[in-house]
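Structure, as structure tokens:
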Amino acid sequence: MKEDYPFGEIEAKWQSVWDQDGAFETNLEQAKNPYYCLMMFPYPSGKLHVGHGRNYIIGDAVARYKKMQGFDVLTPMGWDAFGLPAENAAIKTGTPPAAYTRANIATMKQQLRAWGCMYDWKKEVTSCEPDYYRWTQWLFLQLHERGLAYKKEAPVNWDPVDQTVLANEQVLPDGTAERSGAKVETRMLSQWFFKITDYAQRLLDDLDKLEGWPERVKTMQKNWIGRSEGTEIYFSLVSRSDGVKDAFENVPCFTTRVDTIYGCTYMSVAPEHPQLKEWISGMPQEEAVLEFIKDSAALNDIDRQSDTREKKGVFTGRFVINPYTGEEVPLWVADYVLMYGTGAVMAVPAHDTRDWSFAKKYDLPIRISIQNREGTLFLDEMDDAYTEDGICYDSAEFTGMPNRDAISRMSKKAEAAGFGKATVNFRLRDWLISRQRYWGAPIPIMYNESGQAVPVPADQLPVLLPEDVEFKPTGESPLRSSEEFMKAIHPESGAHCVRESDTMDTFVDSSWYFLRYLSAQDDRQAVDAAIANKWMPVDQYIGGIEHAILHLLYARFFTKVFYDLGLIDFDEPFKQLFTQGMICKKGSDGNLHKMSKSKGNVVSPDELLKKYGADTVRLYTLFIGPPEKEAEWQDAGVEGASRFLKRLWRRVADNHTLLLEAADLKITMDEMETPERDLYRKTHETIQQITRGLDGAFTFNTAVAGIMELMNAVDQLKISEDSSRAAKAVYRDAMETVVLLISPFAPHIAEELWSELGHPKSVLQARWPEVNKRALERDVIEMVIQVNGKTRDKLQVSASASTESIEADVLALDSVQKWLEGKTIRKVIVVPGRLVNVAAS
RNA sequence: GCCCAGGUGGUGAAAUUGGUAAACACAAGGGACUUAAAAUCCCUCGACUUUGGUCUUGCGGGUUCAAGUCCCGCCCUGGGCACCA
């Protein structure tokens, strides 16, 4: 056995062995004990850095651990291969996106292998290949058939840099695009949507089923869905231009505070309200209102929604009738009203801070309709709206009722009288999926002469991406430049049609890839139900927190649609979710940033692998800190991991003969003297600690620390040829345990040492060590002795000693007596196996 | 503003869930080996200290024999939502 740890040699060797053995290939039909370990598939951007590595290293560790526990583990890998960077690269360098993407995939595959992250490549999927996007298109057709995919003219988010529209989820709270960073504009365009809002309630309710998901991810999804319960009330619009009150239309408005309705003194609608122009037509105020609409439209969403900006509005000249009071109130258009709910809100300045400031500015009347418990609310003493709970006031038959109770009563009244109803509103909007870019799956639709959408028949899929296109982004899909592509024939009439030229958002591709892995080679169907039902939901999903809303919400939506289509019999895709933190490093500006090319803080794995080997990089990545938290990459830390692996290697090499000889020793615990008994106990304590950590919270950092501690304990047992049989046997047992425990983290060195310890088969086929409960027992326990809560001494106590005898022994100690001088003992607390605290005063 | 996570040595962090605060590492300092260096091995390493101890987990209170951990009130950092009626 070599003296020095030859990481380069053994890593190459074992990677080939795993490949040849098909160690990571899974027979989906025959597997008896399925465990689906999934990592978010990467976008093939070129090269992986050590920050990306965390995801795959954690996933590989889980897969190996579960394998050793006897599961039939499926760990597939694939490529989220459509997307803008490839297209932008094509514009810049002239390399076609397909070639660029395939080259990146080859590089990254090699990198993953070099890390020792092994996958079942027989199940690889690549979303930009026709054998994949054919089924993405097929799924689009399924949604279309059921009315879940539709096209409509709507105000959409336009990214002026990437020259395409974006989904709401792709726009950051500051109004910039998640991908390009450009300030997003609003445009009216006709676009394709998926009707995710139909699933809002289920997406919300089923979050409760996801016990294995981090609470914060569930909270984020909950906020995003944004359910609010309230009442829709129909106010009648009246014209008073000729002095006659002719109610000619209903203006529905949504409120969560119907209890305040008797304090409603005006109504405001959003400037984009679709009927507004109609209502003001011919009014003396028409010009002023149109002007106002124009001004509001000029503001982008960020400025418009900034809460520091002063609210603006104008009177429309029209009035509406509050159906509860029969009273006429003026109708305003105000820029603080959004096209949410119905785009119209009843304004109650006394009980809503926004209405308050608006009413103050435009001198609109304010009327109290909720009184506080003390009855001390007076208009002239208020300097802001009263938004707390209270008692209905000046509210007809509801006066005196607690306002919370009034909400349902008032809703019921509206329903009974036909001027309103209880309603639920969601913040969630439909998912905008069309993109005016080339590198995506074409939307399988054509248009006939009258412009009607005709779905491409399923048997004509895939609609192939053409290659003869001009990439330059013009705001129009590049596909339009391909004459061949644009031509289509109506499936029934044979008439000439024009193809849809937009492509699908790449989040569509990634919303179902975990299902396709299970049928990757199947060219007859998207998903094989029997296999999917056997393997899904995914047992463990691992990925970045940045996908908490986008990808994870869309994937849940798709799974529910599949369920409704009868394709599968489960309706949530991921049982257990783990979101790892990002790896950061000080950038060229001296601040900590997420690793990225633009910040100049990327650590490339290539040099590290050459200098230290993959196992060192893996071990350090796991040791760096709690895996769910962000971590700062420190090059010096890698050195520590390397030192440890070298030491482990040396211990085996130095005692190689002895370790091999000890293989056949059969001993019992009775033969062990104290030092080896201690090591034996430590060995099993470590097994317990690490196994618990891997099953629960993924505490890889403490698992690695635990192995290091065990190694330190191994070094405490001085071993030589002259040592006892028991000592040798325990020593070997401890070393074998170290190798087994470290194998999910540092698999190459573990394989090599396992074989050096005389095992002919791969460590992956060894069983994960089990805790021997008897090994954990102690005859003598060290107890901490406290006086008044301060540690004063320690005492070795027999494990069988009674509380009374321990108490007596403790009180006899000089070190205790010293602190009790002149005091009366009040109480003695004995915590068995832990400590004794003498309380005295 | 609302909701959620956090705040522990020079650094990354641990702490069996209320029971010895700082495990395991990194960095630093000292020593051994060496002609020398690297590597390796050993020791020190929260602060103060009269070497007896005292203090120490963002700050201030509280509960308890005992609080990093529980409760109340603040401060700070990160994340999510935010003119959503």
Side-chain angles (χ1 to χ4, degrees), chain A residues 4 173 214-224 226-228 230-231 253-258 260 268 270 304-309 311 334-348 351-355 357-358 387 425-428 545-546 548-549 581 619-620 623-626 628-641 643-644 646-647 650 685 688-689 692 699 701-712 715 782-794 818 825-841:
Chain A
D4 288 323
E215 216 45 56
R216 64 171 170 158
V217 174
K218 289 193 272 186
T219 312
M220 281 160 79
Q221 293 215 348
K222 205 172 160 184
N223 288 340
W224 189 261
R227 182 182 199 273
S228 70
T231 314
C253 75
F254 175 76
T255 180
T256 55
R257 290 295 307 273
V258 66
T260 64
S268 21
R304 168 104 182 263
Q305 295 191 14
S306 135
D307 45 8
T308 50
R309 211 191 91 262
K311 300 169 188 3
D335 61 3
Y336 72 95
V337 179
L338 310 172
M339 272 313 294
Y340 167 81
T342 61
V345 293
M346 65 178 214
V348 186
H351 306 295
D352 183 287
T353 52
R354 298 155 299 185
D355 298 341
S357 57
F358 192 82
T387 56
N425 252 306
F426 292 94
R427 209 193 75 104
L428 183 72
I545 185 72
E546 64 274 20
I549 296 171
L619 198 68
Y620 173 63
F623 188 60
I624 193 165
E628 70 281 4
K629 277 178 56 179
E630 280 189 5
E632 185 186 351
W633 185 273
Q634 282 169 327
D635 293 323
V638 182
E639 199 74 49
R643 267 205 284 264
F644 178 73
K646 283 188 204 155
R647 177 152 76 107
R650 225 179 302 118
E685 283 172 353
Q688 178 167 281
Q689 181 224 324
R692 282 186 181 163
T699 49
N701 54 329
T702 51
V704 175
I707 294 170
M708 288 172 167
E709 255 187 86
L710 177 55
M711 220 21 227
N712 291 344
D715 281 357
E782 185 182 71
M783 294 188 83
V784 171
I785 311 304
Q786 297 182 332
V787 177
N788 283 332
K790 290 197 162 52
T791 304
R792 297 302 181 189
D793 205 350
K794 281 163 198 171
K818 186 174 133 189
I825 297 173
R826 299 263 169 238
K827 212 172 178 183
V828 181
I829 290 102
V830 180
V831 184
R834 296 226 141 258
L835 61 63
V836 180
N837 188 10
V838 183
S841 61

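In what follows, chains carry the letters A, B, and so on, assigned in the order in which the sequence lines appear, proteins first and then strands, with residues in each chain numbered from 1.
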Q. Taking only N and O in the side chain of A/R643, is any of them less than 4.0 Å away from OP1 or OP2 of B/rC26?
A. yes
Q: Under 4.0 Å between any heavy atoms, over every strand shown, what does A/K790 touch: base, sugar-phosphate, or nothing? Just pick one.
A: sugar-phosphate
Q. Using a cut-off of 4.0 Å on non-hydrogen atoms, how would the nucleic acid contact of A/R647 be classed: base, sugar-phosphate, or nothing?
A. sugar-phosphate
(Q) Taking any heavy-atom pair under 4.0 Å as a contact, classify A/F426: base, sugar-phosphate, or nothing. (A) nothing
Q | Complementary nucleotide of B/rA66, counting Watson-Crick and G-U pairs under 3.5 Å | A | none
Q: For A/I624 and for A/M708, locate the closest nucleotide of RNA chain B by heavy-atom distance; then report the residue assigned to the nucleotide nearer the 5' terminus.
A: A/I624
Q.
Taking any heavy-atom pair under 4.0 Å as a contact, classify A/K646: base, sugar-phosphate, or nothing.
A. nothing
Q) Who does B/rC81 pair with, Watson-Crick or G-U, both distances under 3.5 Å? A) B/rG1
Q) Can you find a side chain N or O atom of A/Y336 that sits less than 4.0 Å from OP1 or OP2 on B/rA85? A) no
**Q.** Sidechain-backbone polar pair: A/D335 side chain, A/K311 backbone, donor-acceptor under 3.5 Å
**A.** no
Q) Does the side chain of A/N788 get closer than 4.0 angstrom to OP1 or OP2 of B/rC65 through an N or O atom? A) no
Q.
With syn defined as a glycosidic angle within 90° of 0 and anti as the rest, where does B/rG52 land?
A. syn
Q: Return yes if the base of B/rC81 and the side-chain atoms of A/N223 contain a donor-acceptor N/O pair under 3.5 Å, otherwise no.
A: no
(Q) Checking the side chain of A/N837 only, and the main-chain atoms of A/I829 only, is there a donor and an acceptor separated by less than 3.5 Å? (A) no
Q: May I ask you to verify if any side-chain N or O of A/N712 is less than 4.0 angstrom from the OP1 or OP2 atom of B/rA25?
A: yes
(Q) For A/D635, I'd like to know if atom CG has over 12 heavy atoms of other residues, nucleotides or ligands within 6.0 Å. (A) yes
(Q) Using a heavy-atom cut-off of 4.0 Å across all strands, would you classify A/R227 as base, sugar-phosphate, or nothing? (A) nothing
(Q) Counting only Watson-Crick pairs (N1-N3 plus N6-O4 or O6-N4) and G-U wobbles (N1-O2, O6-N3), all under 3.5 Å, who is the partner of B/rC59? (A) B/rG73
Q: Both distances under 3.5 Å, Watson-Crick or G-U wobble: report the partner of B/rA28, or none.
A: B/rU44
**Q.** Between P of B/rC83 and CG of A/N425, the distance in whole Å
**A.** 15 Å
Q) Heavy atoms under 4.0 Å, any strand shown: does A/G640 hit a base, just sugar-phosphate, or nothing? A) sugar-phosphate
(Q) Between A/R834 and B/rA15, is there a contact of a side-chain N or O with OP1 or OP2 at under 4.0 Å? (A) no
Q: With heavy atoms under 4.0 Å as the rule, sort A/R692 into base, sugar-phosphate or nothing.
A: nothing
Q: May I ask you to evaluate whether A/S228 reaches the phosphate of B/rA85, defined as a side-chain N or O under 4.0 Å from OP1 or OP2?
A: yes
